[in-house]
Student: 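First the structure, which I've put down as structure tokens, then a few questions once you've had a look.
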2 protein chains.
Amino acid sequence: MYSVLKNYINSRIQISETDLNLISEYFLPIKVKKKQFLLREGEICKHLWFVSKGCLRMFKEDRKGHEHILLFAFEEYWVGDRESVVSDKPSDYHVEAIEDSELLQISKEKLNDLYQQIPSFREMHIALQQRSFNKLQERMQKTLSFSAEEKYADIMNHQPEILHRVPLSMVASYLGISRETLSRIRANQLKR
Amino acid sequence: MYSVLKNYINSRIQISETDLNLISEYFLPIKVKKKQFLLREGEICKHLWFVSKGCLRMFKEDRKGHEHILLFAFEEYWVGDRESVVSDKPSDYHVEAIEDSELLQISKEKLNDLYQQIPSFREMHIALQQRSFNKLQERMQKTLSFSAEEKYADIMNHQPEILHRVPLSMVASYLGISRETLSRIRANQLKR
DNA sequence: ACGTTAGCGTGATGTACATCAATTAATTTT
DNA sequence: AAAATTAATTGATGTACATCACGCTAACGT
């Protein structure tokens, strides 16, 4: 269960075997079942999670009861509401497993300890944060400018994993279109 | 011109007068006229800019020639394509002055130097990055779930400055709606 | 002071997409 | 393996919003 994390870190920073083991000790392995929630809107998010197996989603529910997915987290992804973790604010989002999953959990306190102990681990997280921002900005731009069809084509090209692992209704929610529209777009694509 | 930057930093981190002056020396003051571009899509972004006076926009142009604004930068904002700066990639975005503006410019190299010299300055930037991400995530969520009318109401409540300083056509582009729709929404609001 | 351009508003029309409703297919449960 | 739930498809209809077209006003440049 830790090996996914170790590989992840190893491929990103220069680090010794001992340090890798030290890092691992900071994380608590947990298992969650499909449909289990790790965080609900209004709760303070106490942990970050690293996905070593499975898949989660982070989403917001609007007042009409519609869900809007902000993130799918597969293996080697981090999930959690960083803002809530950092500043003890109630979160706006839900985090839920969409497959039976294995996670490595770390609290704010331990994370800060770890940053102290292994500065390069912190650097890694800072770089990750930077990349996440860029990705999100790109998604923002595409959300603003793409038609439903273009959104689907784009996710096929750039995040096919989502298409293969997640129910289409959730893909639709991620793209900001209705599941019926997505269904029709897919039907049209086949005809070509 | 530097005083805006100094105030900005001072209100965010604990820092000496000497260090503030040292930091200032890393920045080159520049003036830009309204409609002047600091960055065009395809160019590598060589600098970050701190806005000490005026207002800029960062936007993407889609293939139909429509513009999609990702960021308005007023006084005390940072602009620039961080991804392009960091990794020397051609930028996807344009950066343009919407008002005659005064900026403090810093190159990647100088910025890295500065990070070394004044670690707390770097910490400040890291925290900023974190906040930007959270804001963007919130915007993403609103873009996905709000109607045109709700988007307008939201910007009135949370970013009235945008409404007062930038042309409505740009507000529309920022919200991801047409300028006509925005105009009609505003007309309706008056009737209540 | 003039023509020119930028900004905003408003009506008429079009359409991409949502919503509603019913059916079928796939998964999960027992 | 049947029953029950959940997910995906398909058609009919509705609507929020875009697009097109035009006029008005204010600001800008020469």
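If you're wondering where the values come from, they're calculated on a predicted model, not measured in any experiment. In what follows, chains carry the letters A, B, and so on, assigned in the order in which the sequence lines appear, proteins first and then strands, with residues in each chain numbered from 1.
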Student: Please report the distance, rounded to the nearest Å, between CG in A:L175 and P in C:dA16.
Tutor: 18 Å

Student: Name all pairs fulfilling the ring pair (Phe, Tyr, Trp, His ring centres under 6.0 Å) condition that reach into residues 100-147 of chain B, sequence neighbours left out, sorted by first residue then second.
Tutor: B:W78-B:H125, B:Y115-B:H125, B:F121-B:H125

Student: With a 3.5 Å distance limit and no angle check, can you tell me whether B:S52 reaches the backbone of B:V4 through a side-chain donor-acceptor pair?
Tutor: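 Here the side-chain-to-backbone pair does not exist.
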
Student: Are A:F50 and A:Y8 an aromatic pair by the rule of ring centers under 6.0 Å?
Tutor: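 So the answer is yes for these two rings.
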
Student: Got a list of protein N/O to nucleotides 17-23 of chain D N/O distances below 3.5 Å?
Tutor:
{"residue": "D:dC17", "atom": "OP1", "partner": "B:A148", "partner atom": "N", "Å": "3.0"}
{"residue": "D:dA18", "atom": "OP1", "partner": "B:S178", "partner atom": "N", "Å": "2.9"}
{"residue": "D:dA18", "atom": "OP2", "partner": "B:S178", "partner atom": "N", "Å": "3.1"}
{"residue": "D:dA18", "atom": "OP2", "partner": "B:S178", "partner atom": "OG", "Å": "2.8"}
{"residue": "D:dA18", "atom": "OP2", "partner": "B:T181", "partner atom": "OG1", "Å": "2.3"}
{"residue": "D:dT19", "atom": "O4", "partner": "B:R184", "partner atom": "NH2", "Å": "2.8"}
{"residue": "D:dC20", "atom": "N4", "partner": "B:E180", "partner atom": "OE2", "Å": "3.2"}

Student: Testing the 3.5 Å rule here: is there a donor-acceptor pair between the side chains of A:S87 and A:E83?
Tutor: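 Side-chain D/A pair, A:S87 to A:E83: absent.
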
Student: Is the A:H47 ring parallel, tilted or perpendicular to the A:W49 ring (thresholds 30°, 60°)?
Tutor: tilted

Student: Quick check for you: to the nearest 0.5 Å, what is the distance between A:L175 atom CG and A:T181 atom OG1?
Tutor: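 Between atom CG of A:L175 and atom OG1 of A:T181 there are 11.0 Å.
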
Student: Name the closest nucleotide to the B:L168 side chain, picking from D:dT9, C:dG7, C:dG9.
Tutor: C:dG9

Student: B:S183 near the nucleic acid: base, sugar-phosphate alone, or nothing, with a heavy-atom cut-off under 4.0 Å?
Tutor: base

Student: Check nucleotides 28-30 of chain D for protein N or O atoms closer than 3.5 Å to its own N or O atoms and list the pairs.
Tutor:
none

Student: Would you mind classifying the nucleic acid contact of B:K151 as base, sugar-phosphate or nothing, using non-hydrogen atoms under 4.0 angstrom?
Tutor: nothing

Student: Output the rounded distance in Å from NZ (A:K33) to P (C:dT27).
Tutor: 18 Å

Student: B:F59 and B:Y174: aromatic ring centres closer than 6.0 Å?
Tutor: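 Here the rings of B:Y174 and B:F59 have centres that are no less than 6.0 Å from each other.
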
Student: Answer yes or no: is there a side-chain heavy-atom contact under 4.5 Å between A:I15 and A:I118?
Tutor: yes

Student: In this structure, how many angstroms lie between the C1' atom of D:dG11 and the CG atom of A:N188, rounded?
Tutor: 14 Å

Student: Output the rounded distance in Å from CD (B:E96) to P (C:dA6).
Tutor: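 Rounded to the whole Å, the gap is 12 Å.
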
